[in-house]
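A short write-up of the structure that comes next.
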Amino acid sequence: MKNSEKIKLLILTPSMKCGGSEKFVSTLCNNINTEKFEVRLAVINNDKAFYNITNQAIEVVDLQKNRVLFSLSSIKQTVNNFQPDIIFSTANHLNLYLSIFKNQFKSTIKFIAREASIVSINSQQAKMPVLYNWLIKNCYHRFDCIVCQSTYMQQDLIDNYKIVTGKTVVIHNTVEAVQSEFIQPREKNEEREYKFLTVSRLTYEKGVERLIHAVGLISVPFKYYIIGDGNKKTELQKLINELHLQDNVFLLGEKTDPFAGMQDADLFLLGSYYEGFPNVLLEAGTNGIPVIAFNVPGGIAEIIKDKENGILVPDNDIIAFGTAIKKGIGSNFKRHKIIETTKKRYGVSRIIPAVEKLFIEHTADI
């Protein structure tokens, strides 16, 4: 590609609802160098968008399709109108869909996928997991490159789907710097009330019920705030009532800025059964909040360094999790150091240029 020309980048995403993948898309669009890239964001269905694109140089197209399954003709029309050099897709089922129909697009277009979860585990949630896995094994190799959020995710693709290592790259999630002033929690004291926080979808895989059971085991005074929404909300509230934790555990619903007013939380609690590379841990890090999490499949162990920014607990050991909470509130985590390290490792100024570099490398021969 000539140096004077911009790279035409078409980003495809199923929605812009609240979620880690959608958060990444909005951050990329709002921070990408538009002197180098001409970007169009095509959303399969942009109804009830949670994230907004503030970068006025980005054109946003709503394909207005209820399902990815019915979006091929609209995607093809968008591609024909825009004539992109790269199609960058950002969700597993959309990635699979594009890999199946890749031969219906110009061969000069580079197809780059970004995985938002662990493919072998995520595939088990499909309606027909055997067929879904078969399609991934037979079609995913058609991508020019697959971006993995963590080393664990990358190895999962290599081991379980025979993706050539050279067709994969690890680029972590990114997090934007917090503008608010750093808030130091009050001094540790057995008599004072501690503050815990979780930001999560209230769905099965997030394991919030494990966290409610764990906080129910501790004896120190506390308030535990759970921010998010999902189909398990009623069930979780019932559990809170059964454990007589109504005065301690609160489901606050979904919030645009979930960490606002929560920067003084003593600990962030994560109960997931698996995670790709959770944005929410990076957000906790930019607020200097140490994390207690289960050591589960995925990228959590690549983020949490014991005694540096949190504590990892053996998976599904609720008693050990409760013990780790007690240990965490007694530990002397250096919160300013947590903020500095998170920004250095995952800041926009590091991650977005890495994504741009990937795009430039894959259009060098156009």
Euclidean distance, [Y] [atom2] relative to [X] [atom1], rounded to 0.5 Å:
| X | Y | atom1 | atom2 | result |
| --- | --- | --- | --- | --- |
| Ser120 | Ile136 | OG | CD1 | 9.0 Å |
| Asn55 | Ile32 | CG | CD1 | 9.0 Å |
| Phe37 | Glu356 | CZ | CD | 5.0 Å |
| Ile11 | Leu28 | CD1 | CG | 4.5 Å |
| Asn248 | Leu243 | CG | CG | 11.0 Å |
| Ser71 | Leu98 | OG | CG | 7.5 Å |

Decide if atom [atom1] of [X] counts as having more than 12 heavy atoms of other residues, nucleotides or ligands within a radius under 6.0 Å.
| X | atom1 | value |
| --- | --- | --- |
| Lys305 | NZ | yes |
| Lys102 | NZ | yes |
| Glu35 | CD | no |
| Leu131 | CG | yes |
| Lys223 | NZ | yes |
| Glu242 | CD | yes |
| Gln77 | CD | no |

TODO: Identify the residue among Leu251, Leu270, Ile226, Thr203 that makes a side chain to side chain contact (heavy atoms under 4.5 Å, CB included) with Val208.
DONE: Ile226
Task: Any side-chain donor near an acceptor of the partner, Gln104 and Lys76, under 3.5 Å - done: yes
TODO: Decide side chain to side chain contact (heavy atoms under 4.5 Å, CB included) for Phe82 and Val61; before the verdict, give the C-alpha distance in whole Å, the side-chain angles of both, and the deciding distance to 0.1 Å.
DONE: CA-CA 11 Å; Phe82 186 54; Val61 178; over 6 Å; no
Open item on the list: Tell me whether the rings of Phe359 and Phe88 are parallel (<30°), tilted (30 to 60°) or perpendicular (>60°).
Closed with: perpendicular
Open item on the list: For Phe143 and Phe111, take the angle between the two ring planes, folded into 0 to 90°, and tell me which bin it lands in: parallel under 30, tilted 30 to 60, perpendicular over 60.
Closed with: tilted
Please check this pair: side chain of [X] against backbone of [Y], looking for a donor-acceptor N/O pair closer than 3.5 Å.
| X | Y | answer |
| --- | --- | --- |
| Ser26 | Lys23 | yes |
| Asn309 | Ile303 | yes |
| Gln149 | Ile118 | no |
| Thr34 | Val39 | no |
| Tyr97 | Leu72 | yes |
| Asn45 | Asp47 | yes |

Counting C-beta onward and ignoring hydrogens, is there a side-chain heavy-atom pair between [X] and [Y] closer than 4.5 Å?
| X | Y | answer |
| --- | --- | --- |
| Ile44 | Thr13 | no |
| Cys145 | Leu358 | yes |
| Tyr132 | His93 | yes |
| Phe24 | Val147 | no |
| Thr363 | Asp85 | yes |
| Ile289 | Ile338 | no |

Open item on the list: Using the rule given for side chain to side chain contact (heavy atoms under 4.5 Å, CB included), can you reason through Asn279 versus Val175, listing the C-alpha separation, both sets of side-chain angles and the distance that settles it, and then say yes or no?
Closed with: CA-CA 7 Å; Asn279 279 295; Val175 63; 6.0 Å; no
- [ ] Validate the cation-pi geometry between Arg350 and Tyr346: distance from NZ or CZ to the six-membered ring centre under 6.0 Å, angle to the ring axis within 45°.
- [x] no
TODO: State whether Phe321 and Arg210 meet the cation-pi test: NZ (Lys) or CZ (Arg) under 6.0 Å from the six-membered ring centroid, and within 45° of the perpendicular axis.
DONE: no
Pair [X] and [Y], ring centroids less than 6.0 Å apart:
| X | Y | result |
| --- | --- | --- |
| Tyr161 | Tyr140 | no |
| Tyr224 | Phe250 | no |
| Tyr204 | Tyr273 | yes |

Task: side chain to side chain contact (heavy atoms under 4.5 Å, CB included) between Ile86 and Ile112, worked out - done: CA-CA 7 Å; Ile86 298 173; Ile112 299 177; 4.1 Å; yes
Open item on the list: Is there a salt bridge (charged side-chain N to carboxylate O under 4.0 Å, His left out) between Arg40 and Glu59? Walk through the geometry before answering.
Closed with: CA-CA 5 Å; Arg40 183 173 295 182; Glu59 181 181 355; 2.9 Å; yes
Open item on the list: Applying salt bridge (charged side-chain N to carboxylate O under 4.0 Å, His left out) to Glu235 and Lys232, what does each step give before you reach the verdict?
Closed with: CA-CA 5 Å; Glu235 185 178 319; Lys232 290 288 185 181; 3.4 Å; yes
Task: N-O pairing of Arg345 and Glu308 below 4.0 Å - done: yes
Open item on the list: Test salt bridge (charged side-chain N to carboxylate O under 4.0 Å, His left out) on Glu275 and Lys206; report intermediate values, then the result.
Closed with: CA-CA 9 Å; Glu275 284 281 358; Lys206 297 301 181 181; 2.7 Å; yes
TODO: Decide side chain to side chain contact (heavy atoms under 4.5 Å, CB included) for Asn95 and Glu115; before the verdict, give the C-alpha distance in whole Å, the side-chain angles of both, and the deciding distance to 0.1 Å.
DONE: CA-CA 8 Å; Asn95 295 342; Glu115 276 304 327; 3.1 Å; yes
Task: Pair Thr286-Glu283, side chain to side chain donor-acceptor pair (under 3.5 Å): steps then yes or no - done: CA-CA 5 Å; Thr286 60; Glu283 292 170 1; over 6 Å; no
Open item on the list: For Glu361 and Lys357: C-alpha separation, side-chain torsions, deciding distance, then whether salt bridge (charged side-chain N to carboxylate O under 4.0 Å, His left out) applies.
Closed with: CA-CA 6 Å; Glu361 289 173 349; Lys357 182 174 179 287; 2.5 Å; yes
